[in-house]
Amino acid sequence: MRSLTILGSTGSIGTQTLEVAAACGHRVAAITAHHNIDLLEQQARAFHPILAAAADPTAAAALASRLSDTDVRVLAGEEGILAAACLPQADTAVTALVGIAGLAPTLAAIDSGKRIALANKETLVCAGPLVMAKAQEKGVEIVPVDSEHSAIFQSLQGSHDRELKRILLTASGGPFFGWSREALQTVTPASALKHPNWSMGAKVTIDSATMMNKGLELLEAMSLFKVPPEKIQILVHRESILHSAVEYCDNSVIAQLGAPDMRLPIQYALSWPERTPGPVTPLDLVTAGKLTFFQPDLEAFPCLALAIRAAQEGGTAPAILNGANEVAVARFLKEEIGFLEIPRVVQTALETVPRAENLTLETIYAADKAARTAAERACL
């Protein structure tokens, strides 16, 4: 049984991690959120962590008042989140924060020697080589939580790097699979948030609708599994049953299948290298029906093409891509720009923000800031 610090406990991954913890008997040592103190208070009373932190100082002050009848320590701001990431009583950090905000806490958790159950893909998108090098230096295990990367990780067990031919990275295709660019002009935030298979947070759901999510996952896979972009094939798999696969040098393909339930990869990230019983419904292949696979439409969904371009360019290009996308998605959710404006905004940032070859935390954060500024201008 593990002792967990859950960075982003009130989000989709965070709440499902708590379900897994309750079902499998893991201890919850720390929980964090940005400002959702109603849910954070409920979680604190249910799981009795040592520490609860809210990034928003006003929210943290209100939470401290609400939990004054408990022994839960409440901290505020970035310092509070970092303290939760490094809490000595936790042996595993579930990094479920959204966006580049997850980078510093993930690095802090690695520095403190914790296993990383990685659900924050932007950490590796923006700073993959730095994060993986730090993990190797500290002897820290990074086990992916994304269903696709968990499937790849599972399919690679017992193999050697030289045996890998390519990764088959699956995508659901989102709610607009098969739509033309003309039809996509009518997309609203409400329609884009209706994912056919998965229950996810708003940002990830919009990224799935634009297929940017699959581009970010390609970038994440490059760092996790040490492969160039040309060794990753993206396949649209509408049923979300086969979560990804690995093709080996002998042309054998090993895949991981399961119900579309994020609790399964979360549980595996916590229990690896062992498997334990859990709360996920078994997969019935008879009722699952046919499994279909398609090539992605890069013309209708240019965000994926932009992510592939950033992967090929390297340096800070992925950080520029990610920063601009975060701004564009936030503007779309507020109905300030249209659905097809998201790739336009990202492309503008990629083409106007200078790319640095030297990857350091300073160049990454500078690229992110410049990309956000360029994206905000492009939204006007």
Side-chain angles (χ1 to χ4, degrees), residues 6-8 11-14 32 34 55 78 81-82 85 93-110 116-132 134-135 142-150 169 200-225 229 262 265 269 303-304 306-308 310-311 313-330 332-333 342 345-346 349-350 353 355 359-372 375:
I6 305 175
L7 304 172
S12 175
I13 295 295
T32 80
H34 187 267
E78 184 180 1
I81 303 299
L82 293 176
V94 181
T95 59
L97 296 169
V98 177
I100 199 172
L103 175 55
T106 301
L107 286 172
I110 291 173
I116 305 299
L118 184 70
N120 170 250
K121 62 176 62 67
E122 292 87 354
T123 289
L124 293 187
V125 167
C126 297
L130 298 182
V131 173
M132 298 305 290
K134 176 63 71 173
I142 297 182
V143 186
V145 166
D146 270 350
S147 62
E148 295 85 356
H149 299 91
S150 177
L169 181 65
M200 306 179 290
K203 181 357 178 105
V204 178
T205 305
I206 299 303
D207 282 346
S208 178
T210 65
M211 291 205 69
M212 176 64 86
N213 195 48
K214 208 50 49 180
L216 299 178
E217 289 178 2
L218 177 143
L219 285 155
E220 183 182 5
M222 289 170 58
S223 289
L224 275 173
F225 308 115
M262 281 305 302
C303 280
L304 178 54
L306 292 170
I308 294 170
E313 291 181 359
T316 56
I320 295 167
L321 174 98
N322 181 74
N325 182 64
E326 287 191 26
V327 169
V329 170
F332 171 69
L333 285 168
I342 296 174
V345 169
V346 174
L350 277 175
V353 176
R355 175 170 60 88
L359 208 60
T360 66
L361 285 178
E362 290 74 20
T363 60
I364 290 167
Y365 282 122
D368 174 74
K369 182 178 179 181
R372 290 172 188 274

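Because the structure is predicted, anything quoted here is derived from the model rather than measured. FYI, the numbering just counts along the sequence from 1.
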> Is the shortest distance from a Lys or Arg side-chain nitrogen in Glu122 or Lys203 to a carboxylate oxygen in the other one below 4.0 Å?
Replying inline: yes
Does a side-chain heavy-atom distance below 4.5 Å link [X] with [Y]?
X: Ile342; Y: Cys303; value: yes
X: Leu306; Y: Asn325; value: no
X: Ile364; Y: Ile100; value: yes
X: Pro229; Y: Leu218; value: yes
X: Leu124; Y: Leu219; value: no

Roughly how far apart are [X] [atom1] and [Y] [atom2], rounded to 0.5 Å?
X: Leu361; Y: Cys126; atom1: CG; atom2: SG; value: 11.0 Å
X: Leu7; Y: Asn120; atom1: CG; atom2: CG; value: 9.0 Å
X: Glu217; Y: Leu224; atom1: CD; atom2: CG; value: 10.5 Å
X: Ile13; Y: Leu97; atom1: CD1; atom2: CG; value: 12.0 Å
X: Leu169; Y: Glu148; atom1: CG; atom2: CD; value: 6.0 Å

Taking all heavy atoms of [X] and all of [Y], pick out the closest pair and write down the distance.
X: Leu82; Y: Ala108; result: CD2-CB, 3.9 Å
X: Gly323; Y: Arg372; result: O-CG, 3.8 Å
X: Pro105; Y: Ile81; result: CG-CG2, 3.9 Å

>> Which residue is it: Asp146, Val131, Ile142? I am looking for the one with a side chain to side chain contact (heavy atoms under 4.5 Å, CB included) to Leu118.
In response: Ile142
> Is Asp207 reaching over with its side chain to a backbone N or O of Met212, donor-acceptor style, under 3.5 angstrom?
Replying inline: no
> Distance-only, no hydrogens or angles: does the Thr205 side chain make a donor-acceptor pair with backbone N or O of Gly201 under 3.5 Å?
Replying inline: yes
Donor-acceptor pairs under 3.5 Å, side chain of residues 314-322 to any protein atom, not counting sequence neighbours: which ones?
| residue | atom | partner | partner atom | Å |
| --- | --- | --- | --- | --- |
| Thr316 | OG1 | Ala356 | N | 2.8 |
| Thr316 | OG1 | Ala356 | O | 3.4 |
| Asn322 | ND2 | Glu326 | OE2 | 2.9 |

>> Taking side chain to side chain donor-acceptor pair (under 3.5 Å) as the definition, give me every residue that meets it alongside Ser223, ordered by chain and number, with sequence neighbours left out.
In response: none
